[in-house]
Amino acid sequence: MECLLLDIGIPGFVHRKALTGSLIFGAIEVRPGVAGRGGMEMESVYLRSALMLPIVVGAMMAPDVEATEAECTAMLRIKLPSSDLDITSAEYVSEAKPYCLAKGSFEHRTGADGKSYAIGFAIALPDAWTGQFLVQGGGGLNGVVLPPTGNAAAGAENALSRGFAVISHDSGHKGEAWDASFKADQIAALNFAGWSVEKVAAAGKALVAQYYGKGAHHSYFAGCSTGGREAMASAQRFPLVFDGVIAGAPAMRTSRSNMSLAAKNVAMNQISPVGQDGSRDRSQAFSDSDRSLVLNGLLKTCDGLDGMEDGLIGNPAACKFDPSMLVCKGEKVESCLSEDQVRVVTETFSPTLDASGRPAYPAFAYDTGIMSQTDAIPGLMRFDDKRNRQFKNNATAFDVDDAVQKADVEDPQQRLINVDQWADLSSFASEGRKILFFHGMSDPWFSANDTIDFFERMKKSTKAKIEPDDWSKLYLVPGMSHCRGGPAGLDQFDLLTKLVEWVEGGKSPQSVIATGSAFPGRTRPLCPFPSHAHYKGTGSSEDSASFECRQ
């Protein structure tokens, strides 16, 4: 006889197991080797408090909606040992791929600033669980709990819809995207720096084990921007928490990247006329035709370096665009740029140097998104766009050394938050963990060259008996803006599948197929750095099969 056992494993919490056996007055005699709902193999289970529902012998067990909803609701009463974790809501989401969505918080306390703090989270527990667990990275300065879907670098199907249990969190404080007031509290600042990820991972794994009756067989982390920084922090500071990590466009040292953007904005201010409100009118620094000149000159120089002129700069490493080619020979006309304009373009895409001439932040790449206003984050040369965080900066002078002093030396919290220095991942690598980086070449906030620099330093600094290529890869995405978008970006690609295949199957990732709304119908391979996608010379330019990875 085959039965469905609802077994109360902890007070008030119900989880299901499919058992095959015979009813013996208050106990179930289970045949050895039969897996439960979570894949557990049991030899005997004693019926303490259970409801047994007979079903047809030999039939596959179909999900019982009422029972599943009951399990989900029971999450409200779950208590983890030695934890103040509190589940505040539990909702059964009945979709094509149903799941239980539970929300709650833990580590409740009053901070040094007198405010109430806790680590808020949301966890999605799918009915068709694969046994995999994923922590979802945050964004900005966090402060909000985003829907736990696991969509970073997951292509067309997010982690939740694949059957992953996914948890998201606010890193331990409440606030708007750029509200930094939480830094007044030491623990809140430490949690934002990365410690919350380890805590949330531990809580999430415990909830998964309670809900399914067994723990996840593999755990992952995936995020972009702040989530990319959290991914790096996890691999650096907590190398044994995750089996695989995806770090996208990491905000690895915002003190330096913001400093560099401020310096570039000031350079544009210097050639911008004063507007009617008394501030610098950066929209007058470059006309639309001037911006087109820069973009067209860039494409003319670099578009064909991958063997195909198609509006996409596929070989960014070979791109040596020189803005001086656009300077007017005489008076300024529409077909050329003034010397001041050329100077600003050059400075905008050059390293930001300190007084000694050393780079305080690396160069930004010349790429197709430099003038974009179609993305949520405007292109690097659109300081006139009100969405640009430098928009209200009307300064006409900038001291790089002073800015570095204030950002790096006088702000010890930021030095801990930054993740650009610790490049030794020897324990992470030696334990068989894997990490995939990705970065859009048109990212106007964080230079892809900074991620390249860290990647190269990481490979040199990590002293492990395993080759760097056997545990780490970097994918540069031509045309993509910050984490997504870009007027010429193919921003849809599935690194999550590649990571899982690598971690669980030992299959090292090579090229990854990318698509995007910028070029409907086009497919292109993303190649592991330092290779790039190059046209073979035959076949459709819209088909990834016509390209190969070359160095």
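The analysis underlying the following values was restricted to heavy atoms, covering all of them including side chains, and did not include hydrogens, waters or symmetry mates.
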Item to check | Inter-residue atom distance S219.OG - F164.CZ, 0.5 Å rounding | outcome: 10.0 Å

Next on the checklist: Does any part of the side chain of R389, heavy atoms only, come nearer than 4.5 Å to the side chain of L261, both counted from C-beta?
Outcome noted: no

Checklist entry - Below 4.5 Å, heavy atoms only, C-beta onward: do W445 and I377 meet side chain to side chain? => result yes

Checklist entry - So, D424 and R457, do they make that salt bridge, N to O below 4.0 Å? => result no

Item to check | Distance in Å, K465 NZ paired with D470 CG, rounded so as to fall on 0.5 Å steps | outcome: 15.5 Å

Next on the checklist: Looking at every non-hydrogen atom in both residues, tell me the closest pair between P359 and P351 and how far apart they are.
Outcome noted: CB-CB, 4.2 Å

Checklist entry - Heavy atoms, side chains only, cut-off 4.5 Å: are S447 and D453 in contact? => result no

Next on the checklist: Less than 4.5 Å apart, side chain to side chain, heavy atoms only: is that true for H532 and R550?
Outcome noted: yes

Item to check | Carboxylate-amine/guanidinium proximity below 4.0 Å for R291 and D384 | outcome: yes

Next on the checklist: Which heavy atom of G244 sits nearest to which heavy atom of V503, and what is that distance?
Outcome noted: CA-CG2, 4.0 Å

Checklist entry - Salt bridge between R524 and D310, side-chain N to carboxylate O under 4.0 Å? => result yes

Item to check | Rounded distance (nearest 0.5 Å) linking atom OH of Y220 with atom CG of L134 | outcome: 9.5 Å

Checklist entry - Just checking, is any N or O donor in the side chain of S372 or D375 under 3.5 Å from an acceptor N or O on the other one? => result yes

Checklist outcome for this item: residues 137-152 vs salt bridge (charged side-chain N to carboxylate O under 4.0 Å, His left out), sequence neighbours excluded, gives none

Checklist entry - Within 45 degrees of the axis of the six-membered ring of W471 and under 6.0 Å from its centre: does K434 put its NZ or CZ there? => result no

Item to check | Rounded distance [0.5 Å steps], OG in S338 versus CZ in F286 | outcome: 7.0 Å

Item to check | Q414 and D408: CA distance, side-chain angles, deciding distance, side-chain contact (heavy atoms from CB on, under 4.5 Å) verdict | outcome: CA-CA 7 Å; Q414 188 62 49; D408 285 4; 5.7 Å; no

Checklist entry - Within a strict 4.5 Å, meaning less than it, do heavy atoms of the F192 and F182 side chains meet? => result yes

Item to check | Criterion ring pair (Phe, Tyr, Trp, His ring centres under 6.0 Å) on F493 and F438, from CA distance to verdict | outcome: CA-CA 10 Å; F493 45 87; F438 71 90; 5.4 Å; yes

Checklist entry - Could you go step by step and tell me if S255 and R253 meet the side-chain hydrogen bond (donor to acceptor under 3.5 Å, both in side chains) rule? => result CA-CA 5 Å; S255 52; R253 49 171 180 166; over 6 Å; no

Next on the checklist: Please determine whether side-chain hydrogen bond (donor to acceptor under 3.5 Å, both in side chains) holds for the pair S196 and N191, giving the CA-CA distance in whole Å, both sets of side-chain angles, and the decisive distance to 0.1 Å.
Outcome noted: CA-CA 4 Å; S196 62; N191 278 335; 5.1 Å; no

Item to check | Considering all heavy atoms, the nearest L416-W195 contact | outcome: CD1-CH2, 4.0 Å

Next on the checklist: Main chain of R256, side chain of S260: is a donor-acceptor contact present, judged purely on distance under 3.5 Å?
Outcome noted: no

Identify each donor-acceptor pair in which a side-chain atom of residues 152-159 lies under 3.5 Å from a protein atom, sequence neighbours left out, and give them as a table.
unit_1, atom_1, unit_2, atom_2, d
E157, OE2, K97, NZ, 2.8
N158, OD1, L160, N, 3.2
N158, OD1, S161, N, 2.8
N158, OD1, S161, OG, 3.1

Checklist entry - If you measure from CZ on F529 to CG on L474, what distance do you get to the nearest 0.5 Å? => result 6.5 Å

Checklist entry - Yes or no on side-chain contact (heavy atoms from CB on, under 4.5 Å) for D340 and R343, after CA distance, side-chain angles and deciding distance? => result CA-CA 5 Å; D340 281 344; R343 174 178 56 79; 3.9 Å; yes

Checklist entry - Under the criterion side-chain contact (heavy atoms from CB on, under 4.5 Å), which of I452, N449, L526 is the partner of L476? => result I452

Item to check | Main-chain N/O of F446 paired with H439 side-chain donor or acceptor, under 3.5 Å | outcome: yes

Which pairs of donor and acceptor atoms, one on a side chain in residues 136-150, lie under 3.5 Å apart (sequence neighbours left out)?
unit_1, atom_1, unit_2, atom_2, d
Q136, OE1, T149, N, 2.9
Q136, OE1, G150, N, 2.8
Q136, NE2, P147, O, 3.1
N142, OD1, G139, N, 2.9
N142, ND2, S171, OG, 3.3
N142, ND2, E230, OE2, 3.0

Checklist outcome for this item: For S541 and M308, the nearest pair of non-hydrogen atoms, with its separation, is CB-CE, 3.6 Å

Checklist entry - With a 4.5 Å heavy-atom cut-off, do V345 and M268 have their side chains touching? => result no

Checklist entry - Of all heavy-atom pairs between L495 and L436, which one has the smallest distance, and what is that distance? => result O-CD1, 3.7 Å

Checklist entry - Heavy atoms, side chains only, cut-off 4.5 Å: are F242 and V197 in contact? => result yes

Item to check | With sequence neighbours excluded, residues passing side chain to side chain contact (heavy atoms under 4.5 Å, CB included) with I370 | outcome: V294, L298, F349

Checklist entry - Any salt bridge between D494 and R162, counting N to O under 4.0 Å? => result yes

Checklist entry - Is any side-chain heavy atom of H482 less than 4.5 Å from a side-chain heavy atom of S225? => result yes

Checklist entry - Between OG of S426 and CD1 of I466, what distance do you get to the nearest 0.5 Å? => result 12.0 Å

Please table the atom pairs, donor to acceptor, closer than 3.5 Å between any side-chain atom in residues 507-521 and protein atoms at least two apart or in another chain.
unit_1, atom_1, unit_2, atom_2, d
S508, OG, K473, NZ, 3.3

Next on the checklist: Applying side-chain contact (heavy atoms from CB on, under 4.5 Å) to N265 and R282, what does each step give before you reach the verdict?
Outcome noted: CA-CA 9 Å; N265 176 73; R282 287 178 290 270; 3.5 Å; yes

Next on the checklist: Using a strict threshold of under 4.0 Å (side-chain N to carboxylate O), is an ion pair present between D322 and K320?
Outcome noted: no

Checklist entry - Between Q236 (side chain) and W422 (backbone), is there a donor-acceptor pair under 3.5 Å? => result yes

Item to check | Step-by-step side-chain hydrogen bond (donor to acceptor under 3.5 Å, both in side chains) determination, Q405 to D401 | outcome: CA-CA 6 Å; Q405 171 74 18; D401 292 70; over 6 Å; no

Checklist entry - Going through the distances and angles, do D290 and S287 end up as a side-chain hydrogen bond (donor to acceptor under 3.5 Å, both in side chains)? => result CA-CA 5 Å; D290 292 334; S287 66; 3.1 Å; yes

Checklist entry - Under 3.5 Å, is there a donor-acceptor pair between the side chain of S544 and the main chain of T523? => result no

Item to check | Full working for side-chain contact (heavy atoms from CB on, under 4.5 Å) between M232 and F437 | outcome: CA-CA 9 Å; M232 290 175 62; F437 294 86; 3.9 Å; yes

Checklist entry - Would a distance-only check, ignoring hydrogens and angles, find a side-chain to backbone donor-acceptor pair under 3.5 Å from N269 to N393? => result yes

Item to check | SB check R522 E542 (cutoff 4.0 Å) | outcome: yes

Checklist entry - salt bridge (charged side-chain N to carboxylate O under 4.0 Å, His left out): which pairs involve residues 236-246, sequence neighbours left out? => result D243-R433

Checklist entry - Which atom names give the shortest non-hydrogen contact between M259 and A403, and what distance separates them? => result CG-CB, 3.5 Å

